[in-house]
Amino acid sequence: MAATTASNLQIAAARPCISSSHRVVRAGAAFLGANSKTVSWTKLTSACNISSLEPFRCSFASPPVKFANIVSKAMTESIENTPISGLPIDLKGKRAFIAGVADDNGFGWAIAKSLAAAGAEILVGTWVPALNIFETSLQRGKFDESRVLPDGSLMEITKVYPLDAVFDKPDDIPEDIKTNRRYTGSTNWTVQEVAESVKQDFGSIDILVHSLANGPEVSKPLLETSRNGYLAALSASSYSYVSLLKHFLPLMNPGGSSISLTHVASERIIPGYGGGMNSAKAALESDTRVLAFEAGRKHKIRVNTISAGPLRSRAAKAIGFIDMMIEYSLANAPLQKELFADEVGNTAAFLASPLASAITGAVIFVDNGLNAMGVGVDSPIFKDLNIPSDKH
């Protein structure tokens, strides 16, 4: 079944994995800042206005010692007598391919913006049936407001590739898909063909992002899910990542990073997140650990996944109860605030940077701490415990 970004829904503590893209604007280095109460773009301040940064220095009163090599690898070139005001996320000269970008309000889009703000070049893969609408909206400026980066420039996407990650190679495409009018205008959209096209166009990439999923029976309880529906969820939401990394790994420069998006339903019961999607996300997380070992040993590539909290995206709205899940998170998470997509984007930028050079095989929760809770503290049972709570 064709993979859509619409089902990569992150409900109780995660978010839809749908994405969108734009053009790539090289926003220079970016900085990971302090806490922000609202949209956290302040965390990624474009370093376009800073020509370079001075590395850390050590000075001693004793006889001089050669400390020239003791420099943070994450720093940009030094500038004399200029103090360092933060720890930079510098992705200048890096190229990212983000699979699963189809509009401007999902996690994939937010990841693209954060990577662009840090200086990376952006390539995206968009589900074939959504390609025309996405490209038309991009060209007509409908996404311009959401393309704005911290320095005021607009994020650019260097190239948009048609992609359906359910199909590994042309021989896998069934006749009904080949003749489907939503596919007839596009070519070379299987995973193998897209990887070959990117190699031909650009030679290599440094960052690979998997931001797509589909569960055709996601609204059904597991006991009512068909075999085909269950296997389709695994194919589109889990194996698609294995295939993507398999085909793009030869293009990735050593030291690169691969990131996917998962869901807390992989390890917790989330009623309404059905159709085998819980199993698909559990498989994705297990595969992340195995792929971290294999890709790390063979190609020096780091592999991690982000488990995000509920976000009011177009994909999540399709499930029908995303507002309820956001309210649940506000009432029960340790941090009583709404999750913003750019908080996930900034985490991805960190994981893709040299600052995360020792992190691989990890599930990183970005959900205001909701995953840590064992009970819902908004239950009347706890009314006499005097639990601190913010009004929202």
Side-chain angles (χ1 to χ4, degrees), residues 7-17 34-40 43 106-107 110-111 211 213 215 218-219 221-222 237-238 259-286 288-289 304-313 315-317 319-348 350-351 359 361-392:
S7 295
N8 202 1
L9 313 167
Q10 311 304 61
I11 301 180
R15 126 96 239 127
C17 299
N35 294 334
S36 172
K37 289 185 178 180
T38 55
V39 179
S40 60
K43 293 182 179 180
F107 285 140
I111 291 172
S211 179
V218 66
S219 61
L222 190 57
S237 311
S238 305
I259 301 165
S260 65
L261 293 170
T262 186
H263 191 290
V264 73
S266 63
E267 54 185 76
R268 298 286 189 271
I269 300 169
I270 307 296
Y273 193 76
M277 284 301 297
N278 62 307
S279 303
K281 292 302 183 179
L284 180 67
E285 292 180 16
S286 179
T288 293
R289 291 183 282 272
N304 295 290
T305 188
I306 298 173
S307 184
L311 181 73
R312 194 177 283 104
S313 71
K317 290 177 182 177
I319 288 294
F321 59 92
I322 184 60
D323 289 336
M324 180 195 310
M325 298 315 303
I326 291 174
E327 285 300 314
Y328 179 84
S329 178
L330 285 170
N332 293 286
L335 299 178
Q336 289 188 275
K337 67 179 187 62
E338 191 164 338
L339 178 75
F340 292 95
D342 62 278
E343 293 175 305
V344 172
N346 293 351
T347 301
F350 164 72
L351 289 173
I359 301 175
V363 177
I364 306 297
F365 287 95
V366 184
D367 63 352
N368 292 319
L370 185 60
N371 73 94
M373 299 302 297
V375 296
V377 295
D378 61 342
S379 171
I381 295 176
F382 301 107
K383 67 180 186 303
D384 297 327
L385 291 185
N386 194 29
I387 298 173
S389 177
D390 292 333
K391 298 294 182 180
H392 62 274

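Worth saying up front: this structure is predicted, and the values here are computed from it rather than measured. FYI, side chains are in, hydrogens and waters are out, and symmetry mates aren't considered; it's all heavy atoms of this structure.
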What's the spacing between S219 OG and M277 CE if we round to 0.5 Å?
12.0 Å
To the nearest 0.5 Å, what is the distance between OG (S329) and CD (Q336)?
9.0 Å
Considering the options D342, I364, I259, which one meets the side chain to side chain contact (heavy atoms under 4.5 Å, CB included) requirement together with T347?
I364
For the atom pair CG (L284) and OG (S237), what is the distance rounded to the nearest 0.5 Å?
8.5 Å
CD1 of I111 to CG of L261, rounded to nearest 0.5 Å, is 4.5 Å
Distance, nearest 0.5 Å, that separates OG1 of T262 from CZ of F365
8.0 Å
With a 3.5 Å distance limit and no angle check, can you tell me whether N332 reaches the backbone of D378 through a side-chain donor-acceptor pair?
yes
Strictly distance-based, threshold 3.5 Å: is any side-chain N or O of N278 a donor or acceptor partner for the main-chain N or O of A265?
no
Between N368 and K337, is there a donor-acceptor pair closer than 3.5 Å when you use the side chain of the first and the backbone of the second?
yes
Can you check whether S260's main-chain N or O pairs, donor with acceptor, with T305's side chain at less than 3.5 Å?
yes
Which pair of heavy atoms, one from K281 and one from A213, lies closest together, and at what distance?
NZ-CB, 4.2 Å
Please tell me if the side chains of E267 and V363 come closer than 4.5 Å, counting only heavy atoms from C-beta onward.
no
Closest non-hydrogen atom pair between E343 and E338, with its separation
OE1-O, 4.1 Å
Measure across S238 and A283 and return the closest heavy-atom pair with its distance rounded to 0.1 Å.
OG-CB, 3.8 Å
Pairwise distance CG(D367) to CD1(I306) - rounded to 0.5 angstrom:
11.5 Å
Answer yes or no: are there more than 12 heavy-atom neighbours, outside I269 itself, under 6.0 Å from its atom CD1?
no
Close side-chain approach of I381 and V375, heavy atoms under 4.5 Å:
no
Given side chains that start at C-beta, do those of L311 and V344 come closer than 4.5 Å, heavy atoms only?
no
